[in-house]
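Written below as structure tokens is the structure these notes are about.
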2 protein chains.
Amino acid sequence: MTPPPAKPTRRDALDNRERILTVARQTLGTSGSASLSAIARQAGVGIGTLYRHFPTREALVLELYRHDIQYLMDRAPALLTEHEPLVALRRWFDEVAHYGRLKFGVSEVIHAATNGGLDDEYYEPFVHAIGVLLDAGAADGSLKSGLDPEDVLLQLSVLWRIDPARDGAEERAARILALIVDGLKA
Amino acid sequence: MTPPPAKPTRRDALDNRERILTVARQTLGTSGSASLSAIARQAGVGIGTLYRHFPTREALVLELYRHDIQYLMDRAPALLTEHEPLVALRRWFDEVAHYGRLKFGVSEVIHAATNGGLDDEYYEPFVHAIGVLLDAGAADGSLKSGLDPEDVLLQLSVLWRIDPARDGAEERAARILALIVDGLKA
DNA sequence: CAACGTACCGGAGACCCCTCCGCTTAGCAA
DNA sequence: TTGCTAAGCGGAGGGGTCTCCGGTACGTTG
């Protein structure tokens, strides 16, 4: 989670970047699905400008939620200081699931991220956070050892495929998390 | 897995349908990503005609693999006659994973199917097949009881997100399947 | 303060998805 | 055979994504 990639130096460029982010926060934050062309129009910039600043839709959304994601990643070690590894793991999963359900759009993005196609500026910290939890669990014998964090992240990505609008979405997420955790236990 | 939905009655309609499927089998079957407009053009029909016959891209692909999918679904009860439930479950998972890795495009489709948005003509049999396996496992005590087949299908859908081109794709699929099965055990 | 190089702008354009609706024609009925 | 009619055709059109490159203006340098 390094600073924003290749911050523009010129003033107008920075202004544009901010305007785009402001508009995106409103539209993407609420609807979840808004055309990039519409965002560019509302922000008063050309479509080309938007794409230069944020090469993909994911890049834009990730930038919106940069801080939140950072927070989630930091929670992994924090939870480990408060709970036993197994509990910490489960709590962290819950928090991730809960967050993904709130902020529409993040789901799609993390989904994309787990595909590996994304710049791993976001992928790697995610894998790292999981790795920390898995290591702790392996150390105290509650989890299998030798687990691959990427495998687990992939399993987690299923959460984003639960339609939050449908009834019982939350329960389903909880059930699946329980299954995943059971599979990881030693 | 009922007969094709709403078979057209007129001859020209049927001809068009077949020509579309023939072209699709070649293009989608090999590349996996081909524009529907290109398929329509190659098949010598208007884009509107293609969309009338196959309302979505998934509908088209699913039609291509109808028989294969049917075969997979039938394998579930068949495996149960040859193996203990737990083994049958694992074997069936393997077959599904293996098949999905071969036929490019199926992945996307089942992925979409698991979203529920799809006509459940395909979704339901899938859930049913899993249900049969889960029931057998619950009956002999090797699996948890009360498992929701839809949950399991959702977990399985993660398989389609493993890039088959990347190294170690097969191993990763196997690892994840093992984790899933472990999570289902009693 | 002028002038210049380049970082950045912005929209036209290529391509795609999907819908809608006026036109065509297959197949039936007289 | 000759209508007739609705099932079916097909492409124009609206909206979207993403690229590319001629033009603009920022900030620096003399």
Side-chain angles (χ1 to χ4, degrees), chain A residues 3-24 26-28 30-64 104-105 108-109 111-113 115 117-119, chain B residues 3-24 27-28 30-64 104-105 108-109 111-112 115 117-119:
Chain A
K7 252 183 188 163
T9 56
R10 263 170 57 173
R11 253 228 178 165
D12 52 346
L14 260 163
D15 284 355
N16 280 335
R17 192 170 193 283
E18 282 316 309
R19 274 214 309 288
I20 291 171
L21 280 175
T22 302
V23 172
Q26 294 166 358
T27 58
L28 286 182
T30 62
S31 81
S33 76
S35 72
L36 296 186
S37 42
I39 292 176
R41 210 180 317 122
Q42 276 191 61
V45 304
I47 185 67
T49 298
L50 188 150
Y51 271 92
R52 194 165 344 88
H53 283 292
F54 307 100
T56 66
R57 178 189 213 81
E58 289 84 51
L60 176 55
V61 177
L62 280 178
E63 190 53 37
L64 287 185
F104 205 78
E108 301 287 328
V109 165
H111 201 219
N115 236 346
L118 199 62
D119 187 7
Chain B
K7 251 184 188 163
T9 57
R10 264 172 56 172
R11 250 219 178 173
D12 52 346
L14 260 162
D15 285 355
N16 280 334
R17 193 173 193 279
E18 283 316 309
R19 275 213 309 287
I20 291 171
L21 280 175
T22 302
V23 172
T27 58
L28 287 182
T30 61
S31 81
S33 76
S35 72
L36 295 187
S37 44
I39 292 176
R41 211 179 317 120
Q42 277 190 58
V45 303
I47 186 68
T49 299
L50 189 151
Y51 271 93
R52 197 168 339 90
H53 284 293
F54 307 100
T56 67
R57 180 192 211 79
E58 289 85 48
L60 177 55
V61 177
L62 279 179
E63 191 54 37
L64 288 184
F104 205 77
E108 301 286 329
V109 166
H111 202 220
N115 237 346
L118 200 62
D119 187 7

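Lettering of chains follows the sequences in order, A, B, ..., and the numbering in each one begins at 1. Any value given below was found using the heavy atoms of this structure, including those in side chains, with hydrogens, waters and symmetry copies removed.
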Interatomic distance, Leu36(A) CG vs dC18(D) P [rounded to whole Å]: 7 Å
Any residue meeting side-chain contact (heavy atoms from CB on, under 4.5 Å) with Phe54(A), in chain and number order, not counting sequence neighbours: Arg17(A), Ile20(A), Leu21(A), Ala59(A), Leu60(A), Glu63(A)
Of all pairs that satisfy side-chain hydrogen bond (donor to acceptor under 3.5 Å, both in side chains), the ones with a partner from residues 34-50 of chain B, not counting sequence neighbours: Ser35(B)-Ser37(B)
Atom-to-atom span, CZ of Phe54(B) to P of dG8(D) - whole angstrom: 13 Å
Distance in Å, Gln26(A) CD paired with Leu64(A) CG, rounded so as to fall on 0.5 Å steps: 11.0 Å
OP1 or OP2 of dT17(D) under 4.0 Å from side-chain N/O of Ser37(A): yes
Whole-Å gap separating C1' (dT19(D)) and CZ (Arg52(A)): 12 Å
Nearest-angstrom distance from the residue atom CZ of Arg57(A) to P of dT19(D): 15 Å
dC9(D) OP1/OP2 closer than 4.0 Å to side-chain N/O of His53(B): yes
For Arg52(A), all residues meeting salt bridge (charged side-chain N to carboxylate O under 4.0 Å, His left out), sequence neighbours excluded: none
5' precedence on DNA chain C between Tyr51(B) and Ala13(A) (nearest-nucleotide basis): Ala13(A)
Nucleotide dC18(C), atom P - distance to CD of Glu58(B) in whole Å: 8 Å
Approximate separation, where rounding is to 0.5 Å, of Arg57(A) CZ and Leu50(A) CG: 10.0 Å
Whole-Å distance separating the CG atom of Leu50(B) from the C1' atom of dT19(C): 14 Å
Distance (rounded to the nearest 0.5 Å) between Leu28(B) CG and Leu36(B) CG: 7.5 Å
Test salt bridge (charged side-chain N to carboxylate O under 4.0 Å, His left out) applied to Asp12(B) - qualifying residues, sequence neighbours left out: Arg10(B)
What's touching nucleotides 12-15 of chain C from the protein side, N or O pairs under 3.5 Å?
none

Atom-to-atom span, CZ of Arg41(B) to P of dA12(D) - whole angstrom: 13 Å
CD1-CD1 distance between Ile47(B) and Ile39(B), expressed to the nearest 0.5 angstrom: 8.5 Å
Polar atoms only, N or O, under 3.5 Å: list the protein pairs with nucleotides 25-30 of chain C and their distances.
residue, atom, partner, partner atom, Å
dG27(C), OP1, Arg11(B), N, 2.8

Protein-nucleotide distance (Leu14(A), atom CG; dA25(D), atom P), rounded to Å: 18 Å
Per Asn16(B) side chain, nearest of listed nucleotides dG10(C), dC9(D), dC9(C): dC9(D)
